[in-house]
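To start, the structure itself, in structure tokens.
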Amino acid sequence: MTPLNEDSDKKKIIIEKYNSTSSFYDDRYRKIQNEKYALQFKNTDFKYKTLLDAGCGTGLLFEYISNLKFVNLNREIRYVGLDISWKMLVQFYMKTRRSNYRGNSNLILGDIENLPFREAKFNLIFSTTSLQNLQDLKKGLKELVRVGKEDTALKLSILRKQLKLEEVILYLNSCTNNLRTDIFGELEDVIIQGDLKKD
Ligand SMILES: C[S@@+](CC[C@H](N)C(=O)[O-])C[C@H]1O[C@@H](n2cnc3c(N)ncnc32)[C@H](O)[C@@H]1O
């Protein structure tokens, strides 16, 4: 086990990194993140979902969903965004104040490795380019599984660099059905999708 101080020092570094890039994050990453969402969205049923966006950042996923013609954010989705960087969340919050955002969002400052939710709360879970930041990826995955319901669609996009993909697949195979892993040419992330099966 990693000693607590070492673990929290690494988290502080991550928080500082994202706090300091929050103001220009959208301009730099919107295009590439939108490409990932399009891939994650294939065959996604958004109707009447309680959606967790784990490591939501500045809310690019929320922005993308709110621009989809076939999804009614207010009526069909209860969106919960969680992030460890308060400045990323501030950017998100400011975005939702603008009139062109049609949906409601609930934003929570928190850690994917210790999610502040009870079991089986969500039935749609996204995490896009966030999980590679975790000290203990398996702990984060376990948390996502814990807060998901039976059959929850788990839609992950994880930076490929330095990822131990076999370990992720091995673990997710034990708690999902229909697990699919896609690597698309130049894309920096691997897209992993499956439906949760709970004991
Ligand atoms: C590359 S950004 C991706 C943001 C967003 N998902 C997107 O698609 O634009 C990574 C995000 O993960 C967040 N993050 C990193 N470690 C985290 C943790 N342990 N718990 C929650 N969020 C975390 C960062 O603060 C940052 O906002």
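Counting starts at 1 for both ligands and their atoms, in listed order. Scope of the values below: all heavy atoms of this structure, side chains included, with no hydrogens, waters or symmetry mates. Positions are given from 1, in the same order as the sequence printed here. Keep in mind that what you see is a predicted model, and the values were worked out from it rather than measured.
- Using a 4.0 Å cut-off to heavy atoms of Ser85, the atoms of ligand 1 that qualify are 25 (O).
- For Gln132, no nitrogen or oxygen atom sits less than 3.5 Å from a nitrogen or oxygen atom of ligand 1, counting backbone and side chain alike.
- For the residue pair Tyr79/Asn106, the side-chain donor-acceptor check at 3.5 Å is not satisfied.
- Between Asp53 and ligand 1, not a single N/O pair is under 3.5 Å apart.
- Annotation: Ile84 places an N or O atom under 3.5 Å from an N or O atom of ligand 1; distance criterion only.
- Side-chain contact check for Gln193 and Lys155: at least one donor-acceptor pair (N or O, by modelled atom type) lies under 3.5 Å.
- Residue contacts with ligand 1: Tyr25 is placed with a nitrogen or oxygen under 3.5 Å of a nitrogen or oxygen of the ligand (distance criterion only).
- Any N or O atom pair closer than 3.5 Å counts here, and Thr128 shares at least one such pair with ligand 1.
- Looking only at side-chain heavy atoms (C-beta outward), Leu89 and Leu109 come within less than 4.5 Å of each other.
- Residue contacts with ligand 1 for Ile14 involve side-chain atoms from C-beta outward but no N, CA, C or O (heavy atoms, distance under 4.0 Å).
- With salt bridges taken as basic N to acidic carboxylate O contacts below 4.0 Å, none links Glu113 and Lys142.
- Not a single heavy atom of Leu61 sits less than 4.0 Å from an atom of ligand 1.
- Using a 4.0 Å cut-off between charged side-chain N and carboxylate O, Glu143 and Lys139 make no salt bridge.
- Salt bridge annotation for Asp111-Lys11: present, with a cationic side-chain nitrogen under 4.0 angstrom from a carboxylate oxygen.
- Remark: minimum distance from atom 20 (N) of ligand 1 to any protein heavy atom is reached at Ile112 N, 2.9 Å.
- Of the heavy atoms in Leu60, only side-chain atoms (C-beta onward) come closer than 4.0 Å to ligand 1.
- Salt bridge annotation for Lys138-Glu167: absent, with no cationic side-chain nitrogen under 4.0 angstrom from a carboxylate oxygen.
- In the model, Asn178 has a side-chain atom that pairs as donor or acceptor with a side-chain atom of Asp195 under 3.5 Å.
- Residues Glu119 and Lys149 are not paired through a salt bridge, judged by the lack of any N-O separation under 4.0 Å between the basic side chain and the carboxylate.
- Every atom of ligand 1 is numbered from 1 in the order shown, and the set under 4.0 Å from a heavy atom of Thr129 is 1 (C), 2 (S), 3 (C), 10 (C).
- Of the heavy atoms in Cys56, only backbone atoms (N, CA, C, O) come closer than 4.0 Å to ligand 1.
- Taking the six-membered ring where the residue is Trp, Phe92 and Phe62 present tilted rings, their angle falling between 30° and 60°.
- In this structure, the protein non-hydrogen atom closest to atom 25 (O) of ligand 1 is Asp83 OD1, 2.6 Å.
- Remark: ligand 1 atoms within the under-4.0 Å shell around heavy atoms of Asp111 are 18 (C), 19 (N), 20 (N).
- The closest approach between Gly110 and ligand 1 falls below 4.0 Å for a heavy atom of the residue.
- Contacts between Leu134 and ligand 1, counted as non-hydrogen atom pairs separated by less than 4.0 Å, involve the side chain only.
- Here the shortest heavy-atom distance to atom 6 (N) of ligand 1, taken over Ser22, Gly81, Gly55, belongs to Gly55.
- Looking only at heavy atoms of the protein, atom 12 (O) of ligand 1 is closest to Ser130 OG, 3.2 Å.
- Inclusion of Glu113 in the set of residues having an N or O under 3.5 Å from an N or O of ligand 1 is not warranted.
- Residue Tyr37 touches ligand 1 through its side chain alone, judged by heavy-atom distances below 4.0 Å.
- Counting heavy atoms under 4.0 Å from ligand 1, residue Asn133 touches it through the side chain alone.
- By the 4.0 Å heavy-atom criterion, Met88 is counted among the residues contacting ligand 1.
- Side-chain atoms of Gln33 and Thr129, non-hydrogen and from C-beta on, do get closer than 4.5 Å to each other.
- One hydrophobic cluster, built from ILVMFWY side chains closer than 4.5 Å, cannot hold both Leu107 and Ile125; they sit in different ones.
- Salt bridge status for Asp151 with Lys198: absent, with no side-chain N to carboxylate O gap under 4.0 Å.
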